[in-house]
Asks: 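Sharing a structure with you now.
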Amino acid sequence: MAKILIIKSFEKGVDPCRRLAQSHVMMWFEIKDWLELSTGLDRDSLHIYAGVGVQLAVALCIRRSLASSIPWLFVALAACGNEYYDYMFVSDAAYASGIYVDEAFRDIWNTMLLPTLFLLIARRWPNWLTRKPVALDKAETFEGGGSPL
């Protein structure tokens, strides 16, 4: 996504609140660039890790299971907020060509895929992750308690 972004310069006559927002957005871009360079992961991978991390952190902090929709909603809000920050610095040409929209949908898809799967698994098939080991019948155990091999 960074390849298609053209940072708008601070123009004269721009509202000071807008400049403050732009400076925060620039800090966010610097954090994302630092994460990308320090981890060696591309931005798509970082979106996946961020989605899972936000979901797990929120579930832990509010003491809810992954079956609750609240952690999932936090991930959705974080993904949309991130894309809004990206949108604030997209040039008109990149937006008009549709490149930005495609990239934004791909970023949201990457961020939301695993949290959505975790939510569905936790709601529909909770035993997949928490199933206790099944005890073997006496007929299935081996004499002497050892392995058959």
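In what follows, every heavy atom counts, from backbone to side chain, and hydrogens, waters and symmetry copies are set aside. Quick note: residue numbers are just sequence positions, from 1.
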Asks: Determine the sole option in Asp42, Thr111, Val52 for which the side chain to side chain contact (heavy atoms under 4.5 Å, CB included) test with His47 is passed.
Replies: Thr111
Asks: Return the CZ to CD distance between Phe105 and Glu83, rounded to the nearest 0.5 Å.
Replies: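 CD of Glu83 is found 10.0 Å from CZ of Phe105.
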Asks: Assess, by modelled atom type and distance only, whether the side chains of Asn82 and Trp28 contain a donor and an acceptor separated by less than 3.5 Å.
Replies: yes
Asks: According to salt bridge (charged side-chain N to carboxylate O under 4.0 Å, His left out), does anything in residues 44-55 pair up with another residue at least two apart or in another chain? List the pairs.
Replies: Asp44-Arg106
Asks: Nearest 0.5 Å please: distance from the CG atom of Asp107 over to the CD1 atom of Ile48.
Replies: 10.5 Å
Asks: Taking only residues two or more places apart in sequence, or in another chain, which ones meet Leu46 in a side-chain contact (heavy atoms from CB on, under 4.5 Å)?
Replies: Leu35, Glu36, Thr39, Leu41
Asks: Between Tyr87 and Tyr84, what is the ring plane arrangement, given parallel below 30°, perpendicular above 60°, and tilted in between?
Replies: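 It falls in the tilted class, 30° to 60°.
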Asks: Who clusters with Val58? Use side-chain heavy atoms, under 4.5 angstrom, across I, L, V, M, F, W and Y, and order the result by chain and number.
Replies: Val54, Ile62, Ile70, Trp72, Leu73, Phe74, Val75, Ile108, Met112, Leu119
Asks: Does this structure show an ion pair linking Asp86 with Lys32, if we count only N-O contacts that are shorter than 4.0 Å?
Replies: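 Salt bridge: yes.
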Asks: When clusters are formed by joining ILVMFWY residues with side-chain heavy atoms under 4.5 Å apart, either directly or through shared neighbours, do Leu56 and Leu60 land in the same one?
Replies: no
Asks: Strictly by side chain to side chain donor-acceptor pair (under 3.5 Å), give each pair with a member in residues 49-68 just once, sequence neighbours left out.
Replies: none
Asks: Taking side-chain contact (heavy atoms from CB on, under 4.5 Å) as the test, write out the residues that go with Ala59, two or more places apart.
Replies: Leu66, Pro71
Asks: Could you work out, with side-chain contact (heavy atoms from CB on, under 4.5 Å) as the rule, every residue matching Asp102, not counting sequence neighbours?
Replies: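 Result, side-chain contact (heavy atoms from CB on, under 4.5 Å) vs Asp102: none returned.
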Asks: Same cluster for Trp128 and Leu120 if Ile/Leu/Val/Met/Phe/Trp/Tyr side chains link at under 4.5 Å?
Replies: no
Asks: If the condition is ring pair (Phe, Tyr, Trp, His ring centres under 6.0 Å), which residues does Trp34 pass it with, not counting sequence neighbours?
Replies: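 Scan of Trp34 (ring pair (Phe, Tyr, Trp, His ring centres under 6.0 Å), adjacent residues dropped) gives none.
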Asks: With heavy-atom distances below 4.5 Å as the criterion, would you say the side chains of Leu77 and Cys80 are in contact?
Replies: no
